[in-house]
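See structure below.
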There are 2 protein chains.
Amino acid sequence: MAVKPSTQDKSRTFSDVQSQNSGLVSLCLPFTLESQDAAQLERIIEQSPPLKKGGHLFHQGEPFTAIYAVRAGSIKTYTVTNAGEEQITGFYFPGEMIGLSAIDTDDYPISAKVLETTTVCEIPYDSFEQLSNRLPSLKAELIKCMGKELREEQQMMLLLSKKTAEERVATFLLKLSDRFKRRGYSASLFRLSMSRNEIGNYLGLAVETVSRIFSRFQKQQLIQVEGKEVELLDLDELRIVSGEARHDEPLIP
Amino acid sequence: MAVKPSTQDKSRTFSDVQSQNSGLVSLCLPFTLESQDAAQLERIIEQSPPLKKGGHLFHQGEPFTAIYAVRAGSIKTYTVTNAGEEQITGFYFPGEMIGLSAIDTDDYPISAKVLETTTVCEIPYDSFEQLSNRLPSLKAELIKCMGKELREEQQMMLLLSKKTAEERVATFLLKLSDRFKRRGYSASLFRLSMSRNEIGNYLGLAVETVSRIFSRFQKQQLIQVEGKEVELLDLDELRIVSGEARHDEPLIP
DNA sequence: CGCATGATTGAAGTATATCAATAGTGGTGG
DNA sequence: CCACCACTATTGATATACTTCAATCATGCG
């Protein structure tokens, strides 16, 4: 099944009004830049209007034009096999970059879909590349982001190859917790913007397995789930269940 | 189990004799550079003596100092879980880069082990970064490599999450075939430098499963295996088995 | 408010892991 | 050079974690 061409999910360019871009870089991007460099970068990036759930940032196979940073909301990226199966490759939250794997290609190798009302910053890649030739620190920041993503994908390979279903779900919840915490939100109470189906797909599990493990974890007082709302009740035990910590070795040796 | 410190697997710096570095970049690196840029890069890279099978380029947890390009031979990279399980994250052949996921970290997040007698080019990262601030094309080439690696890992996630054992093995063989072909070697006849165990580990399968599928493929006349020597007898059918092609749609539509 | 979609729970099935036993390989040193 | 020994690979029998199928229950969007 061929990849469908992009519908009018997004306006071609979000806005020609570059009015209030000030601070956008520090708000959206995981870049550490001198303020004058940030100002220059702000001139080439555009903030999207709120994107509706279900829309696409880009489709697999479409020409690569830009990378994105999430400003608010969440996004999933996924590849589609020739057999038509979908594999989610990542979930992205505010301050995280999307589309890095498309760099150096003509077409996006993945699709990016909006999970809830979301705003993003669009960074047209040719402008970015031109600018970064004058500002080496820009490229350096991009390289850092890519390195981080590489490490995350390696951890994901490990999860998919070696971890049990329980370990996968625990790892997933803890990873989300960490990311929310880093953003200043609660590390123990949050809302899952993705469906059970999407969690299962991402973790290489059937929906039913995810559901069962949520129930089991709840029974074990590890978590409290109610629909999309999740509370992590016992982070330490979750860490053990995830395979990241062990009973016999303390977290800080 | 903590990660062991590096033994004397490699000499600290391979050689202080920078005698015959000429052409090293074009020989080892997947970089496309102007000749004067390449010459500058050559000044900071060092070729290793032949490394013996079983040695390490670096261990997980050691300070990150350099990235590497394979010149001859092959390397595997792997992560170790807290439970002590090993997950191979990649196999690397001549012209491929190792250690990119360590960029932006203090310590290597993976280990790199020599699979057969191998020579590599060591690129000390601080020198590389300094040089690349003057030569923006250097950073651009690095970004391209990282993008490629990201895409490969995404494909690997798909494989680990969605493909059957047969699809995984077929995909693996075809991927190797492609890489050898690109290097000018035979696409259908080659030697596996890794063990069945390592193949299984990489593909998320038990050794026995890999062995059984090799036998099955042989019985089906898809391949001819004799120890580490493999011949791909029916590339088209292998592509179908791998899930990359389908019976009802031709390769060139 | 109703109906499509998503979530949960139970029962049965299966692909692959694990266990086990044998056969082959390759490297080393006598 | 060959013989030994440890390691690697193969093949078969059994076990199991997870999937698939099925039915019910909840949810939320129009």
Side-chain angles (χ1 to χ4, degrees), chain A residues 52-55 76 83 85-88 113-117 159-173 191-220 223-230 241 243, chain B residues 52-55 76 83 85-88 113-117 159-173 191-220 223-230 241 243:
Chain A
K52 281 206 300 278
K53 176 176 174 169
K76 74 167 176 182
E85 277 182 315
E86 176 180 320
Q87 171 64 35
I88 295 174
K113 194 169 186 177
V114 178
L115 290 174
E116 62 190 322
T117 303
L159 178 145
L160 292 170
S161 178
K162 294 277 176 298
K163 294 199 174 189
T164 64
E166 289 203 349
E167 288 171 336
R168 293 182 200 198
V169 174
T171 304
F172 176 72
L173 291 173
R191 195 179 164 282
L192 301 169
S193 56
M194 67 296 289
S195 70
R196 301 287 193 274
N197 216 317
E198 287 166 328
I199 295 172
N201 181 299
Y202 179 58
L203 297 177
L205 299 171
V207 205
E208 296 94 327
T209 307
V210 174
S211 194
R212 270 185 259 269
I213 288 173
F214 272 19
S215 303
R216 208 177 305 163
F217 281 179
Q218 178 147 266
K219 211 162 287 170
Q220 295 168 199
I223 65 174
Q224 176 74 33
V225 242
E226 194 159 327
K228 309 230 151 200
E229 298 292 333
V230 184
V241 172
Chain B
K52 283 207 299 278
K53 175 177 175 170
K76 73 167 177 182
E85 277 181 317
E86 174 180 321
Q87 171 64 35
I88 295 174
K113 195 170 185 176
V114 178
L115 291 174
E116 61 190 320
T117 303
L159 178 144
L160 292 171
S161 178
K162 294 279 176 298
K163 294 199 175 189
T164 65
E166 288 204 349
E167 288 171 336
R168 292 181 201 199
V169 174
T171 304
F172 176 72
L173 291 173
R191 194 180 165 283
L192 301 169
S193 56
M194 68 294 290
S195 70
R196 301 287 193 275
N197 217 316
E198 287 165 328
I199 295 172
N201 181 299
Y202 179 58
L203 297 177
L205 300 171
V207 204
E208 296 93 325
T209 306
V210 174
S211 195
R212 271 185 257 271
I213 288 172
F214 273 19
S215 303
R216 209 178 303 163
F217 281 179
Q218 179 147 268
K219 212 161 287 171
Q220 295 168 200
I223 64 174
Q224 176 74 32
V225 242
E226 193 160 329
K228 309 229 151 200
E229 298 293 332
V230 184
V241 172

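Residue numbering restarts at 1 for every chain, and letters A, B, ... go by the order of the sequence lines. Because the structure is a prediction, the values reported are computed rather than measured.
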When you check the gap from the basic side-chain N to the acidic O, do B:Glu86 and B:Lys113 get nearer than 4.0 Å?
->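 Not counted as a salt bridge, because no side-chain N and carboxylate O are separated by less than 4.0 Å.
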Closest heavy-atom pair and its distance - [X], [Y]:
X	Y	answer
B:Ile223	B:Phe214	CD1-O, 3.8 Å
B:Met194	B:Phe172	SD-CZ, 4.0 Å
B:Gly227	B:Arg196	O-NH2, 2.7 Å
B:Leu160	B:Arg168	O-NH2, 3.1 Å

Step through the shown structure and confirm whether more than 12 heavy atoms of other residues, nucleotides or ligands are within 6.0 Å of NZ on A:Lys52.
->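 Count not over threshold, so no.
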Would you kindly give the [atom1]-to-[atom2] distance between [X] and [N], to the nearest whole Å?
X	N	atom1	atom2	value
B:Leu160	C:dT16	CG	P	13 Å
B:Glu116	D:dT8	CD	C1'	17 Å
A:Phe217	C:dT8	CZ	P	14 Å
B:Arg196	C:dT25	CZ	P	11 Å
B:Glu229	D:dA9	CD	C1'	16 Å
B:Phe214	C:dG24	CZ	P	19 Å

May I ask you to say what B:Ser195 touches in the nucleic acid, namely base, sugar-phosphate or nothing, with a heavy-atom cut-off under 4.0 Å?
->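 Since only primed, P, OP1 and OP2 atoms lie under 4.0 Å of B:Ser195, the category is sugar-phosphate.
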Going 5' to 3' along nucleotides 17-30 of chain D, which nucleotides have protein heavy atoms under 4.0 Å from the base (write B), which only from the sugar-phosphate (write S), and which from neither (write -)?
-> -SBBB---------
